[in-house]
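Just so you know, these numbers come straight off a predicted model, no measurement behind them. Quick note: residue numbers are just sequence positions, from 1.
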Amino acid sequence: MTLGVREQPRGAGSPRPRPGTRLGLVGWLTGLAVLAGVGYRLWLLGHAAPPTNSDEATMGLAALHIARGEGFPVWFYGQQYMGTLEAYLAAPVFALAGGPSLLGLRLPTLALYLLFLLLVWRLTLRLTGDRWFGLLVVALLALGSDRVVKNQLIAGGGYPEMNAAGVALAVLAVDLASGRPGWRLARWAAWGFLAGMMLWVDPLVLPYVVATGAVLVGFCRRELRGAAGALLGAAAVLGAAPLLLHSLLNGRNPLHAVLAASGANATAGWADRLHGGLLIGPPLGMGFCAPGRCSTWQLWWALALPLLLALGAVTAWRALRRPPTDPASPAGPALPAGPASLVDPADRGEPVLVAPRVAAAIRLALVLAAVVTLGAYTVSSSAGLTPVESSRYLSCLLISLPALLWPVWTVARRGPRPSATGRRGLGRTLARPVALALLAATLGTAAQATWRSAQTAPATRAAEARHAELVSTLRQLGVRQVRAGYWTCNRLTFASAEQVVCAVVDDALRPGFDRYPAYRREVDRAAAPAWVAPTGSPLANVLDERQRANPGSLDLITIDGWRIYLPQ
């Protein structure tokens, strides 16, 4: 088998460095970008940012129950979809730390972000062989707007692990399709297990599972007919075992629950869907907007994304269809028809490529997966009904970033190739400045959104301190059972490590949605549970009105941001 490693020119007699010993300027800068991305998120965690909520607390309670051996939930409490992988990752942290905490819940999600960053760097180098482009991609993903860091750090179910798993599937597909020797059966098993596990955790990553799987079928059909295919199938079943077993034992179809959650049971006009899915969703979901909103100038990414998708698809398709020995290949010099390199750039310290057709196929798969993700979100009612919050459904688009930016980078760095006549028209002359401007605007807009997000951290830390004072006050008062709104209940129960148990009520004091029914049963058995409401909330106004109508029925205790009502 021929190895086509591209060597850097060396002077006569110059010693060959040992593998991995020469980082170079770009290597150090990439390392600093990784440290900056992780450091920024550590700083956010130190400020209890992004702000937590009762949904994240629900995952924390599941982790607490696992750590104590009190339960091993398959699904997020209160629903029949979205696996509890984050709870199982956080449970050992709680056990070692001696109890639950928001930081302990988010440390595994931070580790998943670091894994995502490293895998994206590896994938970018495998596909392009350009370390400076790898630095650009890592630097862009080191930034983090409000929506992006929420997806990456909040343990609310699915989002932190989807991107890491999606990139891992692509990296494994590159190695397998290029014929990289060694540990092939292990790689087949790893790909199958990750694919199956993601079906359990969150089906939003399914387009990337299908797209990278299609590449494997296209390049490895013969191998899949043997032990590799059997092992992949068995590993996929193992990864999806929680979903399969629960569905078989309970006769429930998780697909129905997923469709209901996506807004399939609601209605939204097509104008609203297109506005939310194509105009608001991409800038918000991919990290180009301020917290909770997009300014008009930040919507430029919504116009650029379709062009990048089309350019990425066309260039990848042309590279895929071009004969392997064509010297005009945009991936670099002509390489053998077989696997061009079976050595990873990180192993040799030099940028090398896999077979150009494999790299093109993976880039095309990433672009098509992004198109399917964007299309599925746009046709859902969620895009029209709740475009700001539901933009999290576009989290996986970040997996496709190397494929989207690579054509722009090649033009920005090298300029367009002359036409067949050797002349450059106006379009070719302007191509490089436009590409440079696009890359600069991408980095600048993401940096500005990151700065705006960082500015909210002190307020988030102050709000968390007020919530900690609420928990401390309830403990001092000896309150163990309370009634409160949905966004208060499980957060309060988790923060108190279940020393305070809460049942949900709506703004009319009627029973609400309890994700963990055992808490309601305990509160209903209590002689005189307290009430808790944020200051100025509709629930607080209703309780204040009850107190005025029946003087002496409730004792009011106020602390900063909260009102506690103790029945007489």
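Proximity of a side-chain donor or acceptor of Gln547 to a complementary backbone N or O of Leu554 within less than 3.5 Å is detected. Distance alone, capped at 3.5 Å, is enough to place a donor-acceptor pair between the Ser101 side chain and the Gly104 backbone. A donor-acceptor pair under 3.5 Å is absent between the side-chain atoms of Ser496 and the main chain of Val471, judged by distance alone. Although no hydrogens or angles enter the test, the distance criterion places no donor-acceptor pair under 3.5 Å between the side chain of His467 and the main chain of Ala463. Side-chain N or O atoms of Thr460 include none that pairs as donor or acceptor with a backbone N or O of Pro51 at under 3.5 Å. In this structure a side-chain-to-backbone donor-acceptor pair under 3.5 Å is present from Arg106 to Ala49. Under the 3.5 Å distance criterion, the side-chain polar atoms of Ser391 are left unmatched by any main-chain donor or acceptor of Gly281. Judged by distance alone, the side chain of Ser453 and the main-chain N or O of Ala449 form no donor-acceptor pair under 3.5 Å. Looking only at distances, a side-chain donor or acceptor of Ser537 sits under 3.5 Å from a matching main-chain atom of Pro534.
At a cut-off of 3.5 Å, with distance as the only test, a side-chain donor of Ser390 or Tyr377 sits close to an acceptor on the other residue. In summary, the side chains of Tyr565 and Arg546 do not present any donor paired with an acceptor at a separation below 3.5 Å, with no hydrogens or angles considered.
Salt bridge status for Glu56 with Arg491: absent, with no side-chain N to carboxylate O gap under 4.0 Å. A salt bridge between Arg548 and Asp544 is absent, with no side-chain N of the basic residue lying under 4.0 Å from a carboxylate O of the acidic one. One finds no salt bridge joining Arg466 and Glu469 here, because no Lys/Arg side-chain nitrogen approaches an Asp/Glu carboxylate oxygen to under 4.0 Å. A salt bridge does not link Arg521 to Asp514: none of the charged side-chain nitrogens sits closer than 4.0 Å to a carboxylate oxygen.
By the 6.0 Å contact criterion, CZ on Arg452 is open, its count of non-hydrogen atoms from other residues, nucleotides or ligands being 12 or less. A 6.0 Å sphere centred on CZ of Arg293 holds no more than 12 heavy atoms belonging to other residues, nucleotides or ligands. Counting non-hydrogen atoms of neighbouring residues, nucleotides and ligands closer than 6.0 angstrom, the NE2 atom of His275 reaches no more than 12 such neighbours. Open room surrounds CH2 on Trp451; 12 or fewer heavy atoms of other groups in view lie less than 6.0 Å from it.
Judged by a 6.0 Å distance limit and a 45° cone about the ring axis, Arg563 is not positioned over the six-membered ring of Trp531. Arg41 forms a cation-pi arrangement with Tyr113, by the criterion of a distance under 6.0 Å to the ring centre and an angle within 45° of the ring axis.
The shortest side-chain heavy-atom distance between Leu204 and Tyr159 falls under the 4.5 Å cut-off. Side-chain contact between Tyr519 and Glu498 is present, with heavy atoms from C-beta onward closer than 4.5 Å. Using a 4.5 Å cut-off on side-chain heavy atoms (C-beta onward), Leu244 and Ser247 make no contact. Under the 4.5 Å side-chain criterion, counting only non-hydrogen atoms from C-beta, Trp301 is in contact with Thr442. Annotation: side chain of Leu238 is in contact with side chain of Phe193 (closest heavy-atom distance under 4.5 Å). Contact check for Thr58 versus Phe494: no side-chain heavy atoms found under the 4.5 Å cut-off. Looking only at side-chain heavy atoms (C-beta outward), Leu374 and Pro282 come within less than 4.5 Å of each other. When side chains are defined from C-beta on, Leu543 counts as touching Leu509, because their heavy atoms get closer than 4.5 Å.
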Quiz item: Do Gln481 and Arg525 pass the side chain to side chain donor-acceptor pair (under 3.5 Å) test, and can you show the C-alpha distance, the side-chain angles, and the key distance before you say yes or no?
Solution: CA-CA 9 Å; Gln481 294 86 22; Arg525 290 194 298 265; over 6 Å; no
Quiz item: After noting the C-alpha distance and the side-chain angles of Arg475 and Gln499, does the key distance pass the side chain to side chain donor-acceptor pair (under 3.5 Å) rule?
Solution: CA-CA 8 Å; Arg475 285 172 172 166; Gln499 293 183 19; 3.1 Å; yes
Quiz item: Does the pair Glu161 and Met197 meet the rule for a side chain to side chain contact (heavy atoms under 4.5 Å, CB included), with working shown?
Solution: CA-CA 10 Å; Glu161 56 265 48; Met197 185 171 63; over 6 Å; no
Quiz prompt | Full working for salt bridge (charged side-chain N to carboxylate O under 4.0 Å, His left out) between Glu389 and Lys150 | solution = CA-CA 11 Å; Glu389 185 58 31; Lys150 283 178 177 177; 5.3 Å; no
Quiz item: Which is it for Tyr208 and Val205 under the side chain to side chain contact (heavy atoms under 4.5 Å, CB included) test, yes or no, and what are the steps along the way?
Solution: CA-CA 6 Å; Tyr208 291 86; Val205 77; 4.2 Å; yes
Quiz item: Step by step, would you call Tyr393 with Thr373 a side chain to side chain donor-acceptor pair (under 3.5 Å)?
Solution: CA-CA 8 Å; Tyr393 297 149; Thr373 298; over 6 Å; no
Quiz prompt | Derivation of the side chain to side chain donor-acceptor pair (under 3.5 Å) call for Thr445 and Trp300 | solution = CA-CA 10 Å; Thr445 308; Trp300 73 269; 3.1 Å; yes
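Taking both residues in full, the closest heavy atoms of Ala63 and Ala91 are given as O-CB, 3.6 Å, listed atom of the first, atom of the second, then distance. Pairing each heavy atom of Gly83 with each of Trp75, the nearest pair is N-CE3, 3.8 Å. Closest of all the heavy-atom pairs between Leu401 and Leu141 is CD2-CD2, 3.8 Å. Asp146 and Pro291 make their closest contact through CB-CA, 3.6 Å (heavy atoms, listed as atom of the first residue, atom of the second, distance). Ala67 approaches Phe94 most closely through the heavy-atom pair CB-CB, 4.2 Å. Closest approach of Ala530 to Pro567, counting heavy atoms only: CA-CD, 3.9 Å.
Checked against the 6.0 Å centroid criterion, the rings of Tyr77 and His65 qualify as a close aromatic pair.
Classification of the Phe72-Tyr88 ring pair by plane angle, with boundaries at 30° and 60°, yields parallel.
Under the side-chain contact (heavy atoms from CB on, under 4.5 Å) test applied with Arg483, the options Val532, Thr488, Asp524 reduce to a single match, Asp524.
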